[in-house]
A.B. asks: 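Below is the structure I would like to discuss, written out as structure tokens.
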Number of protein chains: 2
Amino acid sequence: MFDLLRNYIERFTSLPDEDWQLLLPHLLRKDLTKGACFSREGKICKEIGFVVSGNMRHYYTKDGEERTTYFYFENSMVTDYISCILGKPGSLTIEAMSDTSLIVFPYAILKSLYNQSHAWERFGRLLSEYLAAGLEERMTGLLMLNAEERYAQLLNSNRQKIIERIPQHLIANYLGITPVSLSRIRKRISKK
Amino acid sequence: MFDLLRNYIERFTSLPDEDWQLLLPHLLRKDLTKGACFSREGKICKEIGFVVSGNMRHYYTKDGEERTTYFYFENSMVTDYISCILGKPGSLTIEAMSDTSLIVFPYAILKSLYNQSHAWERFGRLLSEYLAAGLEERMTGLLMLNAEERYAQLLNSNRQKIIERIPQHLIANYLGITPVSLSRIRKRISKK
DNA sequence: CCGATCCGTTAACAAATGATAAGAAAATGA
DNA sequence: TCATTTTCTTATCATTTGTTAACGGATCGG
């Protein structure tokens with residue numbers, strides 16, 4: 001099963017077996033039941049996860065309300081990256097939306113791999129670049145497009161999984177609008 | 001003068017002289033007059049810049065209008081990172097807002113340094129992480145805060161340079177609102 | 001010095017979005 | 001199965017934001 005993670009990593013950069021063996025002993029399987037948390041607001045996130053099956057969301061809290069801003073599906077990494085990088089308590093909570101299987105390993109291990117191996121350092125760079133590119137695209141959407149255009153953008157992106165598998169009020173959060181507003185947008189679009 | 005760049009890099013990770021010497025021969029000084037462009041929409045960005053003096057902005061074009069979403073001040077890196085990373089034509093234009101002095105070098109050189117040296121690869125990782133953390137914070141602000149809160153956030157951040165040195169209609173762009181709306185927000189705040 | 005341009009404010013109106021509540025359909029769980 | 005919860009829609013009203021236009025001050029170049 002751990003090969004799923006290896007394949008994911010090799011999509012960024014080829015990883016000699018020697019390097020892979022440095023990580024392998026630290027991998028664990030972790031199963032979360034629906035509603036369980038991987039990382040919590042106020043706690044320092046010390047683990048990296050890889051979603052084998054299931055899906056998760058992360059949310060911030062404002063005025064006591066959860067505001068979901070990201071979703072994780074199978075075959076992707078999950079962590080509070082900011083908390084890991086800065087080593088500070090996170091401001092978001094990551095929660096399983098369904099029963100979810102993860103492969104996990106300590107962020108401290110990844111950091112030590114950065115020191116031990118150029119290949120792992122490269123993976124870290126490419127992962128961060130990939131992350132930054134995604135954030136940039138999404139932020140530009142928020143700055144340049146209105147709510148309806150953002151929903152259309154999501155429809156035409158490679159993130160359809162979100163439309164298909166996520167409840168609408170959470171998609172509204174993700175788009176930065178209210179569920180009521182998203183419902184209106186959908187109605188407007190369906191009339192065209 | 002090139003030491004300014006070296007100091008900047010060393011704030012991320014210590015760089016042995018040997019590694020610095022790999023980059024040094026490729027550094028050039030470049031002066032832009034007010035209004036000149038460092039990178040243009042539709043062109044592949046092939047250079048990394050470091051702002052020695054002056055300031056710049058980058059903007060996207062929507063319906064023929066410029067939408068400024070970022071500012072660069074002295075002592076910071078400037079480039080169309082997405083265009084560099086993906087090797088694709090950029091969708092933004094980077095322009096000098098005043099006469100600006102840069103240190104520049106080809107992105108291709110940085111890429112080769114990634115191959116030649118673990119220390120440079122590390123710098124690349126840390127720079128990307130720093131970039132991602134900044135994008136994440138700003139995106140969260142866009143999703144969680146209304147326009148007035150975003151302006152207050154900017155006021156209380158370590159980005160006051162923007163308030164002090166940037167025309168208000170461009171700050172409005174940066175916040176994702178219209179200049180008229182920002183003017184109203186400022187009026188509301190001043191009444192308190 | 002003068003004209004042109006840029007910049008910020010204000011007003012009036014239109015459009016979009018938020019807040020709240022009600023109701024119905026669908027999913028969930030005992 | 002039945003009650004409960006979740007999810008989505010719709011309506012109403014308030015608020016915010018966008019749009020357009022006008023005005024005056026500031027800045028800039030000749």
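In what follows, chains carry the letters A, B, and so on, assigned in the order in which the sequence lines appear, proteins first and then strands, with residues in each chain numbered from 1.
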A.B. asks: Is there a side-chain contact between B:Ile166 and B:Lys161 in this structure, where contact means two heavy atoms from C-beta onward sitting under 4.5 Å apart?
C.D. replies: no
A.B. asks: Evaluate whether atom NZ of B:Lys62 has more than 12 neighbouring non-hydrogen atoms of other residues, nucleotides or ligands under 6.0 angstrom away.
C.D. replies: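 Yes - once you tally the heavy atoms of other residues, nucleotides and ligands closer than 6.0 Å, there are more than 12.
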A.B. asks: I'd like to check A:Leu92 versus B:Thr140 (side-chain heavy atoms, cut-off strictly below 4.5 Å). Are they in contact?
C.D. replies: no
A.B. asks: Please report the end-to-end axis angle for the helix from C:dC1-D:dG30 to C:dA30-D:dT1, five pairs per end, rounded to 10 degrees.
C.D. replies: 50°
A.B. asks: Expressed as a whole number of angstroms, how long is the span from A:Lys34:NZ to D:dT5:P?
C.D. replies: 14 Å
A.B. asks: Which residues pass the side-chain contact (heavy atoms from CB on, under 4.5 Å) test with B:Thr68, not counting sequence neighbours?
C.D. replies: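 Applying side-chain contact (heavy atoms from CB on, under 4.5 Å) to B:Thr68 gives B:Arg57, B:Tyr59, B:Phe71, B:Leu170, B:Asn173.
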A.B. asks: Is there a side-chain contact between A:Gln153 and A:Leu175 (heavy atoms, below 4.5 Å)?
C.D. replies: no
A.B. asks: Residues from residues 55-71 of chain B sitting under 4.0 Å of DNA chain C, heavy atoms only?
C.D. replies: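 Going residue by residue through residues 55-71 of chain B, none turns out to have a heavy atom under 4.0 Å of DNA chain C.
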A.B. asks: Just N and O in the side chain of B:Arg188: are any of them under 4.0 Å from OP1 or OP2 of D:dT17?
C.D. replies: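 Yes.
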A.B. asks: Could you pull out all residues at least two apart from B:Tyr130 that satisfy side-chain contact (heavy atoms from CB on, under 4.5 Å)?
C.D. replies: B:Phe12
A.B. asks: Take atom CD in A:Glu65; do more than 12 heavy atoms of anything else shown fall under 6.0 Å from it?
C.D. replies: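 Count not over threshold, so no.
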A.B. asks: Taking A:Glu137 for its side chain and A:Gly134 for its backbone only, find out whether a donor-acceptor pair lies under 3.5 Å.
C.D. replies: no
A.B. asks: With the side chain counted from C-beta on, respond yes when A:Arg184 and A:Ile177 share a heavy-atom pair under 4.5 Å apart, and no when they do not.
C.D. replies: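 When only atoms from C-beta onward are counted, A:Ile177 and A:Arg184 do not touch, as no gap falls below 4.5 Å.
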A.B. asks: A:Leu182 CG to D:dC8 P: how many Å, rounded?
C.D. replies: 9 Å
A.B. asks: Among pairs that include at least one residue of residues 101-114 of chain B, which meet side chain to side chain donor-acceptor pair (under 3.5 Å), considering only residues two or more places apart or in two chains?
C.D. replies: B:Arg29-B:Ser101, B:Asp31-B:Ser101, B:Ser112-B:Gln116
A.B. asks: Rounding to an integer number of Å, can you tell me how far A:Asn173 CG sits from D:dT7 P?
C.D. replies: 12 Å
A.B. asks: Taking only residues at least two apart or on different chains, which pairs with a member in residues 151-172 of chain B satisfy ring-ring contact (aromatic ring centres under 6.0 Å, His included)?
C.D. replies: none
A.B. asks: Side-chain donor-acceptor contacts of residues 39-52 of chain B below 3.5 Å, not counting sequence neighbours, with atom names and distances?
C.D. replies:
residue, atom, partner, partner atom, Å
B:Glu41, OE1, B:Thr61, OG1, 3.0
B:Glu47, OE1, B:Lys30, NZ, 3.1

A.B. asks: Suppose the criterion is salt bridge (Lys or Arg N to Asp or Glu O under 4.0 Å): which pairs have a residue in residues 15-26 of chain A, not counting sequence neighbours?
C.D. replies: A:Arg6-A:Asp17
A.B. asks: Of all nucleotides in DNA chain C that come within under 4.0 Å of a heavy atom of chain B, which is furthest toward the 5' end and which toward the 3' end?
C.D. replies: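 Using the under 4.0 Å cut-off, the span is C:dC7 to C:dA12.
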A.B. asks: Could you list, one pair per line, each protein nitrogen or oxygen that sits under 3.5 Å from a nitrogen or oxygen of nucleotides 18-21 of chain D, together with the distance?
C.D. replies:
residue, atom, partner, partner atom, Å
D:dG18, OP2, B:Thr178, N, 3.3
D:dG18, OP2, B:Thr178, OG1, 3.2
D:dG18, OP2, B:Ser181, OG, 3.4
D:dG18, N7, B:Arg184, NH2, 2.8
D:dG18, O6, B:Arg184, NH1, 3.3

A.B. asks: Side chains of A:Val78 and A:Tyr70: closer than 4.5 Å at any heavy-atom pair?
C.D. replies: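 With C-beta onward as the side chain, the pair stays apart.
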A.B. asks: Would you list the pairs meeting side chain to side chain donor-acceptor pair (under 3.5 Å) in which at least one residue belongs to residues 174-183 of chain A, sequence neighbours left out?
C.D. replies: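 For residues 174-183 of chain A, and leaving out neighbouring residues, the side chain to side chain donor-acceptor pair (under 3.5 Å) pairs sorted by first residue read A:Arg159-A:Tyr174.
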A.B. asks: Taking DNA chain D as the partner, which of residues 161-171 of chain A come within under 4.0 angstrom of it by heavy atom?
C.D. replies: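 Here the set is A:Pro167, A:Gln168, A:His169.
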